[in-house]
Amino acid sequence: MSDIAVSVQGLSKRYRIGAPATQSSGMRESLRRSITGPFSYLSASLREPTDEETLWAVRDVSFDVPKGQVVGIIGRNGAGKSTLLKLLSRITEPTGGRAVIEGRLGSLLEVGAGFHPELTGRENIFLNGAILGMHRTEVRAKFDDIVGFSGVERFLDTPVKRYSSGMYVRLAFAVAAHLEPEVLIVDEVLAVGDAEFQRRCLGKMEAIGQEGRTVLLVSHSMPTISRFCKRAILLHGGTVAADGPVNDVVATYLQSGHGIGSSVTWDEATAPGSGSARLRAIRAIDADHITQDAFDIRRPIGIEVTYDVLEPLTFVPWIQLESDLGGPIFSAFDTDPDWRQPRAPGTYTSTAWIPGDLLNEGTVVVTISLHTFAAGGKAEIHAMGRQAIAFQVLDAGDGTTSRGDAVGTWIAPVRPLLKWDLERDQA
Amino acid sequence: MSAVPGQVEPLVIEPTRGWRSLGLADVWRSRELLWFLTSREIKSRYRQMALGPLWIILRPLLTMVVFTVLFGHIAKLPSNGIPYPLFTFSALIAWTYFSTAVGATSGSLVAQLGLISKVYFPRLVIPLAAALGGLVDLAFAFVVLGLMMAAYGWAPTWWAFAIPLYLLFSMLTALAIGLWTATAAVKFRDLQYATTYGLQIWLYATPVAYSASLIPQSWQLVYQLNPMYWVVAGFRYGLLGEGVGPKPIMLIPLGVVLALLVSGAYIFRRTERTIVDSQ
């Protein structure tokens, strides 16, 4: 037995995506096609796909994971993360390359794992045990732990198709984590559960790592990856774009344009907008008006939008911030009296300042629009930059932030530094 | 989750080229899963049904009534001195198991794609569980047949002990067809309709509703190449003492079934590695 738990060498996976559709022309052509269709479908399914019909979801990926290491796998949607995990879980076979896994493998891909919707929670626990190759008595020994962890006691005899997605993923994670795999593969499950459960999941995975077992974790949440993994692998276009210490790789991901950038500009031709106004630039800036990808949680953040006014109307800039955990954080209008008057055509720049110690750690995505309010409060939107830019909020973790001495994941879109009063009651 | 019990050697993941072994040892190690999937197949079939397990018996019983009225009373076909209900029901239970097993195996891969795309386990377990699932129905049907035979005062012959072998024969036949169609149905979903239709025709090509003695002598040779002919004949011979027992010509359909079964299993193994991709 070597010290390497997972060894991946040149792993590749090619998918058939179908040929680009050719346009149908006329009645005669469609008649012909309805007759030849089944045959061409048959022959297209049986022959080797051509280059333009295929997509390399994972191409020539290599890395080694030592026993006991917790590795984060990051990248944009479609970068090949899920395909890589599917290959390692033996759900689908690679087109090329090779991977060697030492020890029992448990995987939790997407929501639900190997659950059968018609079966109850109880039956599904045993089903998953059987899939993992465990005897019923072994599963029974772990049963109480699994149920306790998942918190679905009351619904054990309900078919899982009636479960909420949160309950589903809680049970799935509990089963995967408690059946003692030596290598655990987890794909983006934490996005579904509630805060309390996410905390328990991370704790459990941390414990698994400390027991010398290996974890491969896919997540879109950079704070989770940073906090939980020492090492990260960045996938881009199916290949390894970066592999190394987690902070370096996360920074590479955020800065390389693999994610949305912290600034965006448009020329006149592509600028989103109407005949009345159009957006020209949006950026996230610090107090010195310098564009930044990442901000210290204590510092103010400026969201600056530059736009052309083409018709003399009243324009109200509006921003909305979303968290990478999903859901909006807040939205805000410019409430300055200036906007209540029509503006002369020209180029304007509005900047909204978000105070320090307000947003929580994590990725923040910004949407910006320009509104005109008519009588009765009806709004017309002239230009919108939907999820135009994103930036990071980071916590130095030196004990001087709103985190205090606490460690672990804080789940909430905001994390204000509050003023606390302390008085001792008179006896 | 994915693993095979007792697995100590490192797991190697790489593309397989050409054919690969059936991995029957892996299937055997997963027998606990096979048992679970089989019982789940049975349970989920009758869940949320008002009459529940009653359907198991009703389906062949109603068909028996139809056959008895149509062929026994209206068409007045011969049943060689055996009460028509007994005559047709003894064959129907064999046929019902077979057609259920073919239907379930054919659709099994498509039906379980959800599970297949999330976890690894030896995929051969799926059609096996589908073929085994019908055995419970058969057991119930046997009880009904036993009651009917008692009511008519009819006793089985010693050949009844051969019935498990005939049953095995029909299971192998169902699996042989099911493995081929299940594999192909992943890519070509229309095959499931074709299978249903094919089974209907097959039913009338098998002496279930009528006696094999009605077939002209010149056609008997072709007629007897049907493996289900022998299964049905074996059921009737053992239970009612009517018709024929095993004959050497039976080895031809048996050989064909075994060839289809083995080739089907290899085709299945060849396809299973990319099943998830062709969704």
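Throughout, a chain's letter reflects where its sequence line sits, starting with A, and its residues are numbered from 1. Computed from a predicted structure; not experimentally measured.
- Contact between A/F173 and A/C201 at its shortest, heavy atoms only, is CD2-SG, 3.5 Å.
- Remark: B/I177 CD1 to B/T195 OG1 distance equals 9.0 Å, nearest 0.5 Å.
- Considering all non-hydrogen atoms of both residues, B/R40 and B/L115 come closest at NH1-CD2, 3.8 Å.
- With a 4.5 Å cut-off on non-hydrogen atoms, A/L87 touches chain B through its backbone but not through its side chain.
- At a 4.5 Å heavy-atom cutoff, the contact between A/T95 and chain B is made by backbone atoms alone.
- Interface residue B/L37: only side-chain heavy atoms are found under 4.5 Å from chain A.
- In this structure, chain A has no heavy atom under 4.5 Å from any part of B/R31.
- Ring pair B/F268/B/W180: centre-to-centre distance not below 6.0 Å.
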